[in-house]
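The structure under discussion appears below in the form of structure tokens.
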Amino acid sequence: MITVTVLGVFVALQPARMLLFGMLAIGPPLAVTSAAPSGVLLVGGYAFAAAFAISTWQGLYGTADQVLRLLLVVAITVISCGLARYHQRLLQVSIEATWEREMLAAVAEQSSDAIITSTLDGVVLAWNSAAQRMYGWSAREVIGHRLTDILPPGREAAVDEALAQLAAGGEVHLEETARLHKDGTPILVSVTVWPIRDQNGVVVAGAATERDITEKKRREAEERAVRERSSRAAKLESLGQLAGGIAHDFNNLLAIILNYADFLADQVTGEGADDLVRIRKAAERAKSLTAQLLVFAKREPTQVEIIDLNQVVTEATELLSRTIGKNVELVCRPATGETPVRANRGRLDQILLNLVINARDAMPDGGVVVVGTDSVELGDSLTDPLPRGRYARLTVSDTGCGMTPEVRERLFEPFFTTKPSDRGTGLGLATVYGIVGDAGGTIGVDSTPGVGTTFRILLPLAVASDGTPKVEAEHEPAQGHGELIMVVEDDEHVQDVVLRILRKNGYRAAALGEESLAGMDLNEVALVVTDTLMRGCSGPALAERLRLRRPDLRVLYMSGYGGAEVRRMHGIDQETPILQKPFTSVELLTVVGEVLAAAHANGA
């Protein structure tokens, strides 16, 4: 407007013949830069009015010169208005693009994922805060450098392949790939890279979104490990139930074989007697095998007894030699004389099973496992965790791959294992450690990589009052004096064995089926001997029904399962005796005598 006014004053002062009032048409083009069409129209209208007024004042009203120059002002005003509108659109587009870029930059900066852009040559152009947090490199340290400078070694070929794929217009997606933090810590990331195009659609760069999935993968691995351990535990539990069921049935059969062989022993002489001895030895061997099955099923009895460690090792190696494979030699070296310890037989077997299986796994190409026993004397020592005294020592050595000091330090940690996930749970040695500790002993290990490993277990020797190691002696069982004993057993052959043993040794014994339960006079019954698990009714359930009529009734349970499992299944307390099948006549009579003696002591 000012420009038009200045020009108007200048033109008005000039002679009319010069026709300079047309110069006022310069005003609208100058207003185009405002990008405001309404402003251009205003300037154009002002210029038209000024040109008309000046030319009229100069006496040119109505002349062709006036009309033509006024039309020129109008035309230039219209054209300038169109240019202003176009310029306005361009300016709006530019503002919107700038706003979008700023918003995208803000989003990229605030994103929890690393956002990285690079040229098609792999030179970093942008690096947001998340990338700095994820990798430890600042933007100033990275921008202008090649991606391969900050990636793990050996990734050059993969980067070149990805850049070539981007240049061709494709996208790159990696579910999981390795990266390195600035401090050298390995991390796992998922990566998505897409091409950046210019206004002509030509790919000029690449942009990547990278997410740290290290913690997610760790959690997934832990959850998978837990599921696998649970699955293995469930399989082992199912297998243990099967093994326990088989052992139960075998124990019933062995009870029949052992005791009928004893019945015949008094009647057969000569070669027949020798044959019976062989039958009994085979049954005893089978008894040992079923005991091993109960150990595997973890249904072993929990009572502690004094037992010769040499006997445990000798009997266990017979089963273990069939378990470890033909390419592993199992050597048993028991000590001379007895090495009695006070422990649970089943748990000692479990220690040997775990250690020998562990040794076998350390020798995939074969080798030798040596199981030995001896006794040692410990004196006072600040470094010795055990008090002074005599100890039985169990040694298990192998010629396997050995262990590093780092592995040896964590050896007894629960769930720690160097075996593949489908072969080890990491519970075997932790279980051994707990059993040894419960027995008042210690376990130590020596190992050299490539040479082998030796486990040494020390258990207190069981000693009599005179300080001499002693294995508890067997006592001749007491005879009956006509006491009435009711026998409940759904296996008729086992029932017949129990009845014959009791009747032969001074008891009045009868099967529960010989007279009805409702009509039985329980006051005459000194003891009920019942199996724990029968068809239709359990022994504890039967005992509960009988005790409703006679609360002080004594009950002796028999079981082909381990005592611990039976007690858990039926809620039987520790004071209630359980006779383990297969039993001999001596074992049956001894337990019956103890139960009746306890009843007499209590005035029953």
Side-chain angles (χ1 to χ4, degrees), residues 247 250-268 273-291 294 300-301 303-308 311-312 314-315 338 340 342 344-346 462 470-489 491 493-509 526-532 554-563 566 576-600:
F250 267 94
N251 282 334
N252 274 341
L253 296 174
L254 291 173
I256 297 168
I257 295 172
L258 284 169
N259 286 285
Y260 275 109
D262 287 342
F263 296 156
L264 289 173
D266 297 334
Q267 307 172 26
V268 178
D274 294 337
D275 291 341
L276 282 177
V277 170
R278 295 186 182 93
I279 292 173
R280 203 178 194 292
K281 285 183 177 179
E284 290 286 353
R285 188 176 178 185
K287 177 181 177 181
S288 175
L289 292 176
T290 55
L294 287 174
E300 72 280 357
Q303 65 266 20
V304 174
E305 57 184 332
I306 294 180
I307 188 169
D308 185 4
Q311 177 187 352
V312 174
T314 302
E315 294 178 356
E338 296 178 341
R342 182 178 293 276
N344 176 272
R345 169 60 190 267
K470 179 182 178 182
V471 177
E472 292 180 345
E474 293 185 356
H475 301 283
E476 188 69 24
Q479 296 292 302
H481 300 285
E483 296 93 335
L484 176 60
I485 298 178
M486 300 303 301
V487 178
V488 185
E489 170 63 63
D491 188 311
H493 299 294
V494 177
Q495 175 181 278
D496 180 64
V497 165
V498 175
L499 291 173
R500 287 182 63 173
I501 293 174
L502 293 174
R503 289 168 179 169
K504 185 178 178 182
N505 289 274
Y507 295 100
R508 286 187 297 141
L527 178 67
V528 173
V529 179
T530 176
D531 195 6
T532 54
R554 292 281 173 168
V555 178
L556 170 61
Y557 295 111
M558 301 180 293
S559 177
Y561 291 105
V566 171
T576 302
I578 297 178
L579 179 62
Q580 297 296 140
K581 298 177 182 178
F583 49 80
T584 63
S585 59
V586 171
E587 292 169 340
L588 171 62
L589 293 171
T590 297
V591 178
V592 168
E594 291 174 351
V595 174
L596 293 178
H600 291 310

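Positions are given from 1, in the same order as the sequence printed here. For the numbers below, each heavy atom of this structure counts, side chains included, while hydrogens, waters and symmetry mates do not.
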Would you name the heavy atoms of [X] and [Y] that are closest together and state the gap between them?
{"X": "Pro577", "Y": "Val591", "result": "CB-CG1, 4.3 Å"}
{"X": "Lys581", "Y": "Glu489", "result": "NZ-OE1, 3.0 Å"}
{"X": "Asn251", "Y": "Pro582", "result": "OD1-CD, 2.9 Å"}

How about [X] and [Y]: do any of their side-chain heavy atoms sit closer than 4.5 Å?
{"X": "Val555", "Y": "Leu527", "value": "no"}
{"X": "Asp496", "Y": "Tyr260", "value": "yes"}
{"X": "Val488", "Y": "Val529", "value": "no"}
{"X": "Ile307", "Y": "Arg342", "value": "no"}
{"X": "Tyr507", "Y": "Leu589", "value": "yes"}

Just how far is it from atom [atom1] of [X] to atom [atom2] of [Y], taken to the nearest 0.5 Å?
{"X": "Lys281", "Y": "Leu276", "atom1": "NZ", "atom2": "CG", "result": "12.5 Å"}
{"X": "Leu258", "Y": "Phe263", "atom1": "CG", "atom2": "CZ", "result": "11.0 Å"}
{"X": "Tyr557", "Y": "Thr530", "atom1": "OH", "atom2": "OG1", "result": "7.5 Å"}
{"X": "Leu484", "Y": "Arg508", "atom1": "CG", "atom2": "CZ", "result": "4.5 Å"}
{"X": "Met558", "Y": "Gln580", "atom1": "CE", "atom2": "CD", "result": "11.5 Å"}
{"X": "His493", "Y": "Ile256", "atom1": "NE2", "atom2": "CD1", "result": "6.0 Å"}

Point to revise | Pairing residues for Asp262 by the salt bridge (charged side-chain N to carboxylate O under 4.0 Å, His left out) criterion, not counting sequence neighbours | key: Arg280
Revision key, fill the gap. Which of Ile485, Asn259, Val487 passes side-chain contact (heavy atoms from CB on, under 4.5 Å) with Val498? It is Val487
Review point. Applying salt bridge (Lys or Arg N to Asp or Glu O under 4.0 Å), which residue pairs with at least one partner in residues 582-594 are found, sequence neighbours left out?
Key: Lys287-Glu587
Point to revise | With sequence neighbours excluded, residues passing side chain to side chain contact (heavy atoms under 4.5 Å, CB included) with Asp274 | key: Arg278
